[in-house]
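Here the structure is laid out as structure tokens; the discussion comes afterwards.
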Amino acid sequence: MDVAEARTAQLVHVDVPGVDEKLAGAWYAPAAETDVALLHLHGKGGNFYMGPGLFLPQLDGAGEFAQLSLNMRCHDLGYTRYDLPMPDVSQGVIAMGGGMWERMTDGVPDVLAGVRWLQARGYTKVFLVGHSSGAYYAAEACAAQPEGVAGAVLLSTVISYKRNLATWFPGDGLDAAVAQARAWSEAGEGHRLLPIDAWYYAISADSLLERLEEPDGIFARMLEATSVPVMFGAGEQESRVPQWRGLHDAMDTDRKHWLVLSGVSHDYTGAEPELAGEVFGFVRRWS
């Protein structure tokens with residue numbers, strides 16, 4: 001990856017209304033006055049210092065916009081929750097957060113917290129740039145039509161949270177996992193983890209049960225409720241390209257953009273400058 005000019009990132013903290021935990025992020029100030037900002041949202045197991053949220057603010061043309069790369073509460077796979085009272089560590093009970101304990105209801109509040117943080121600093125046109133599960137939450141936030149969100153870039157987006165359950169727990173494994181999850185949740189132990197033999201290796205009982213209840217076709221309905229411009233991005237090597245293309249083509253709007261980058265997969269390694277040019281061009285066009 002060729003970085004045209006290194007940009008200094010400032011560590012910031014973003015408050016989520018009604019939540020004690022502060023979200024960490026990297027703030028990249030614009031090179032000149034602007035009212036346009038990009039809010040970068042990482043994928044599951046990711047964070048603000050990896051993936052598109054790291055490299056896009058560093059590439060040629062990035063300084064034209066204000067950019068905030070934000071940790072959501074589902075960042076990384078697991079981390080210690082210092083915002084909650086710390087019990088006696090010797091008892092082995094410490095509050096945790098992260099992708100293994102992800103709650104579906106946390107996504108949109110985290111996204112909107114980043115939007116409000118930017119708006120409070122004078123950025124009236126905020127574009128959501130989500131990668132993987134971050135793109136899902138960007139689409140979900142756009143469906144609520146919040147004031148100040150000017151568009152969304154959905155890179156390699158998740159389109160369903162329950163579709164992986166049968167893969168994670170094959171055969172009769174899902175029924176057994178759900179039964180165990182319900183027993184733990186009803187006992188007030190919904191934080192307990194069920195192991196998975198694939199990414200991301202474990203899931204809490206409460207998180208599994210939330211995924212199980214996801215309505216069919218929810219992502220398409222999010223897009224139907226979205227009125228802002230939307231860009232779909234994908235790597236040519238990703239298996240879900242036909243599904244994303246179908247969702248893009250079904251959108252009843254002329255404010256949509258489709259991008260497939262050849263020779264790359266989910267992480268866009270090797271195509272960072274090309275992706276930056278497409279994303280920044282989309283933002284320029286609709287701001």
Side-chain angles (χ1 to χ4, degrees), residues 36-44 52-53 70 72-74 102-116 118-119 124-166 207 209-236 238-261 266 275 278-287:
V36 181
L38 278 60
L39 175 60
H40 296 280
L41 307 165
H42 58 78
K44 196 172 315 304
L70 184 67
M72 293 180 289
R73 280 173 281 176
C74 62
E102 179 186 27
R103 302 306 300 268
M104 307 293 98
T105 53
D106 287 346
V108 171
D110 289 357
V111 174
L112 295 184
V115 171
R116 303 302 177 234
L118 289 165
Q119 290 177 326
T124 58
K125 301 172 184 175
V126 179
F127 285 79
L128 308 180
V129 183
H131 178 231
S132 195
S133 63
Y136 181 100
Y137 289 131
E140 187 178 12
C142 285
Q145 302 190 18
E147 182 179 356
V149 172
V153 177
L154 310 180
L155 301 176
S156 304
T157 185
V158 168
I159 60 177
S160 170
Y161 276 114
K162 72 177 180 181
R163 64 182 299 170
N164 287 336
L165 295 181
S207 187
L209 295 175
E210 283 186 343
R211 291 164 182 267
L212 191 68
E213 296 302 317
E214 178 188 73
D216 292 336
I218 184 64
F219 195 83
R221 291 196 291 278
M222 290 178 190
L223 296 178
E224 291 173 1
T226 298
S227 60
V228 298
V230 174
M231 171 180 167
F232 275 83
E236 180 188 38
E238 299 189 82
S239 62
R240 290 175 290 178
V241 169
Q243 294 169 302
W244 292 326
R245 184 65 203 234
L247 287 163
H248 168 273
D249 291 349
M251 292 182 68
D252 185 20
T253 178
D254 58 357
R255 296 189 295 172
K256 60 184 178 180
H257 181 69
W258 173 251
L259 171 69
V260 174
L261 296 176
H266 195 68
L275 178 63
E278 293 283 351
V279 170
F280 299 154
F282 173 82
V283 172
R284 290 188 197 101
R285 177 181 180 186
W286 295 110
S287 60

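On a predicted model such as this, the values are computed, not experimentally measured, just so you know. Note: hydrogens, waters and symmetry copies are ignored here, and every other heavy atom, side chains too, is used.
- At distances below 3.5 Å, at least one donor-acceptor pair connects side-chain atoms of Q119 with backbone N or O atoms of E147.
- Between M231 and E278, some side-chain heavy-atom pair lies under the 4.5 Å cut-off.
- For H257, the ring pair (Phe, Tyr, Trp, His ring centres under 6.0 Å) criterion is met by no residue, not counting sequence neighbours.
- Sorted by first and then second residue, the salt bridge (charged side-chain N to carboxylate O under 4.0 Å, His left out) pairs with a member in residues 126-138 form an empty list; sequence neighbours excluded.
- Every side chain to side chain contact (heavy atoms under 4.5 Å, CB included) that K256 has, sequence neighbours left out, goes to H248, M251, T253.
- Between M72 and V111 the shortest side-chain heavy-atom distance falls below 4.5 Å.
- The OH atom of Y137 sits 5.0 Å away from atom NZ of K44, with the distance rounded to the nearest 0.5 Å.
- Remark: D216 engages K162 in a salt bridge (charged side-chain N to carboxylate O under 4.0 Å, His left out) (not counting sequence neighbours).
- Here the straight-line distance linking atom OG of S207 with atom CE of M104 works out to 4.5 Å at 0.5 Å rounding.
- Side-chain contact between V230 and L247 is absent, with no heavy-atom pair separated by less than 4.5 Å.
- With sequence neighbours excluded, the residues satisfying salt bridge (charged side-chain N to carboxylate O under 4.0 Å, His left out) with R284 are E64.
- Interatomic distance, F282 CZ to F127 CZ, rounded to the nearest 0.5 Å: 6.5 Å.
- Between R285 and P229, the closest side-chain pair of non-hydrogen atoms is not below 4.5 Å.
- Between Q243 and I159, the shortest heavy-atom contact is CB-CD1, 4.2 Å.
- Residues forming a side chain to side chain donor-acceptor pair (under 3.5 Å) with R103 (at least two apart in sequence, or on another chain): E210.
- Across all their heavy atoms, S156 and G235 have their closest contact at OG-N, 4.4 Å.
- Contact record, V279 with V153: CG2-CG1, 4.1 Å, taken as the closest heavy-atom pair.
- Partners of S133 by side chain to side chain donor-acceptor pair (under 3.5 Å), not counting sequence neighbours: none found.
- Applying the salt bridge (charged side-chain N to carboxylate O under 4.0 Å, His left out) test to R73 and every residue at least two apart in sequence or in another chain returns D106, D110.
- The shortest non-hydrogen separation linking F232 to L223 is CZ-CD1, 3.8 Å.
- Residues passing the ring pair (Phe, Tyr, Trp, His ring centres under 6.0 Å) test with Y136 are Y161, F219, sequence neighbours excluded.
- Scanning for salt bridge (charged side-chain N to carboxylate O under 4.0 Å, His left out) contacts around D249 gives R245, with sequence neighbours left out.
- Taking CG from L39 and CZ from R116, the interatomic distance works out to 11.0 Å, rounded to the nearest 0.5 Å.
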Result block: side-chain N/O donor-acceptor pairs under 3.5 angstrom for residues 138-146, not counting sequence neighbours:
| from | atom 1 | to | atom 2 | distance (Å) |
| --- | --- | --- | --- | --- |
| Q145 | NE2 | A225 | O | 2.9 |

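- Residues passing the side chain to side chain donor-acceptor pair (under 3.5 Å) test with E224, sequence neighbours excluded: none.
- Of all the heavy atoms in V228 and V149, the pair that sits closest is CG1-O, 3.3 Å.
- Residues H266 and H131 place their aromatic rings such that the two centres sit under 6.0 Å apart.
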